[in-house]
Amino acid sequence: MAWQSYGLDRKAQDLVLKAKARNKDSLNQSYKMKMAVIYGLERFWGEHLRMQGDREKNSEYWKATWDTLVEIMRRSGVTLPNDPVNADNTKAIQAMSEKLWQLELQDQRAALAVLTQLCDCLVWWTQRYK
């Protein structure tokens, strides 16, 4: 199997430009995303819920990044859950978290590796456009 970039750099640039258009202050989230990857998929995914309401623009940036990861992984043959969830719906949060924790270990590792690289690209583009 040949190496495939999946357009991570291009997707990261697009995410950063859209975040900048929504609210330039959201760009600071790129650095926080890079740091959050080490805590795992469930915590990274859940971060957008924490910001719903009072920091909606930041929440949108995190969610858009998650949606992009889901799309990239689907193209690579790994299906990540991406249920629509609201921060007020505890049962939906629990269900989504369980789906993430039940992923095969190799799929978790692959997704985390791709997410790490995607976040590195986000930081690079953020530094260029800030």
Side-chain angles (χ1 to χ4, degrees):
M1 179 189 272
W3 180 79
Q4 170 62 262
S5 73
Y6 296 104
L8 294 180
D9 199 47
R10 178 175 275 176
K11 290 188 182 302
Q13 181 188 31
D14 185 55
L15 285 165
V16 169
L17 288 172
K18 286 178 180 172
K20 182 177 179 176
R22 279 191 304 269
N23 177 6
K24 188 177 180 183
D25 293 336
S26 292
L27 293 181
N28 291 331
Q29 296 302 307
S30 299
Y31 304 100
K32 293 175 183 179
M33 287 182 203
K34 181 176 168 56
M35 298 305 296
V37 171
I38 64 169
Y39 295 107
L41 294 174
E42 192 278 336
R43 289 190 186 186
F44 188 95
W45 166 80
E47 197 62 14
H48 82 280
L49 297 173
R50 187 177 67 81
M51 295 179 204
Q52 281 182 354
D54 62 336
R55 292 176 283 173
E56 196 61 39
K57 300 300 180 190
N58 293 352
S59 176
E60 290 173 18
Y61 188 23
W62 280 81
K63 182 64 167 96
T65 301
W66 178 262
D67 291 344
T68 299
L69 175 66
V70 168
E71 172 196 326
I72 292 165
M73 295 310 297
R74 181 186 47 76
R75 287 182 28 216
S76 72
V78 174
T79 301
L80 294 178
N82 196 19
D83 301 345
V85 175
N86 184 292
D88 296 328
N89 188 339
T90 304
K91 288 186 187 275
I93 293 169
Q94 287 175 320
M96 180 65 181
S97 296
E98 281 300 318
K99 288 179 183 179
L100 288 167
W101 286 324
Q102 291 175 4
L103 288 171
E104 295 291 327
L105 185 57
Q106 70 182 28
D107 290 347
Q108 289 179 28
R109 288 179 177 162
L112 284 170
V114 171
L115 182 57
T116 299
Q117 185 58 44
L118 178 62
C119 289
D120 285 346
C121 293
L122 289 174
V123 168
W124 194 91
W125 285 111
T126 295
Q127 291 171 341
R128 299 313 171 275
Y129 294 140
K130 215 170 172 195

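The structure displayed is predicted, hence computed values, not measured ones.
- In this structure, Ser59 contributes its side chain and Arg55 its backbone to no donor-acceptor pair below 3.5 Å.
- The side chain to side chain donor-acceptor pair (under 3.5 Å) check on Lys18 picks up Asp14, with sequence neighbours excluded.
- The two residues Pro81 and Trp66 have their closest heavy-atom pair at O-NE1, 3.5 Å.
- Lys57 has no carboxylate O lying under 4.0 Å from a charged side-chain N of Asp25, or vice versa, which leaves the two without a salt bridge.
- When all heavy atoms are compared, the tightest approach of Val16 to Ser30 is CG2-OG, 4.5 Å.
- In this model, a donor atom of one side chain and an acceptor atom of the other lie less than 3.5 Å apart for Lys130 and Asn28.
- Here Glu42 pairs with Trp45, Ser97, Leu100, Trp101 under the side-chain contact (heavy atoms from CB on, under 4.5 Å) rule; sequence neighbours left out.
- Of the possible donor and acceptor atoms, none in the side chain of Asp83 sits under 3.5 Å from a partner among the backbone N and O of Val85.
- Under the rule for a ring pair (Phe, Tyr, Trp, His ring centres under 6.0 Å), Tyr39 has no partner lying at least two apart in sequence or in another chain.
- Applying the ring-ring contact (aromatic ring centres under 6.0 Å, His included) test to pairs two or more places apart or on separate chains, those with a residue in residues 105-128 are Trp125-Tyr129.
- Within the model, atoms CG of Leu15 and OG1 of Thr126 stand 9.5 Å from one another, a figure rounded to the nearest 0.5 Å.
- For Arg43, there are no side chain to side chain donor-acceptor pair (under 3.5 Å) partners two or more places apart in sequence or in a different chain.
- In this structure, Met51 and Tyr61 have side chains that are not in contact, with every pair of non-hydrogen atoms separated by 4.5 Å or more.
- No path of Ile, Leu, Val, Met, Phe, Trp and Tyr side chains, each step under 4.5 Å between heavy atoms, connects Leu8 with Tyr31, placing them in separate hydrophobic clusters.
- Annotation: the span from Glu56 atom CD to Ser26 atom OG amounts to 10.0 Å, rounded to 0.5 Å.
- Legend: residues meeting side-chain contact (heavy atoms from CB on, under 4.5 Å) with Ala111, ordered by chain and number and at least two apart, are Leu41, Met73, Leu80.
- Considering only residues two or more places apart in sequence or on other chains, Ala87 meets the side-chain contact (heavy atoms from CB on, under 4.5 Å) condition with Leu49, Gln52.
- Among residue pairs with one or both ends in residues 109-121, those qualifying as side-chain hydrogen bond (donor to acceptor under 3.5 Å, both in side chains) are Lys34-Asp120; sequence neighbours excluded.
- For the side chain to side chain donor-acceptor pair (under 3.5 Å) test, no residue two or more places apart in sequence or in another chain qualifies with Asp107.
- For Lys99 and Asn82, the side-chain atoms include no donor-acceptor pair closer than 3.5 Å.
- The salt bridge (charged side-chain N to carboxylate O under 4.0 Å, His left out) test applied to Glu71 returns Lys11, not counting sequence neighbours.
- Leu69 and Val123 end up in different hydrophobic clusters when Ile, Leu, Val, Met, Phe, Trp and Tyr side chains are linked at under 4.5 Å.
- Remark: Lys24 engages no residue in a side chain to side chain donor-acceptor pair (under 3.5 Å) (not counting sequence neighbours).
- Atoms CZ and SG, from Arg10 and Cys121 in turn, are 12.5 Å apart once rounded to the nearest 0.5 Å.
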- Task: Apply side-chain contact (heavy atoms from CB on, under 4.5 Å) to the pair Met33 and Glu47, showing each step before the final yes or no.
- Result: CA-CA 9 Å; Met33 287 182 203; Glu47 197 62 14; over 6 Å; no
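- Residue Asp67 holds its CG atom at 11.0 Å from CD1 of Ile72, rounded to the nearest 0.5 Å.
- Between atom CG of residue Leu122 and atom OG1 of residue Thr68 there is a gap of 8.5 Å, rounded to the nearest 0.5 Å.
- In this structure Glu60 satisfies the salt bridge (charged side-chain N to carboxylate O under 4.0 Å, His left out) test together with Arg22, sequence neighbours excluded.
- Taken from CD1 in Ile93 to CE in Met96, the straight-line distance is 11.0 Å, to the nearest 0.5 Å.
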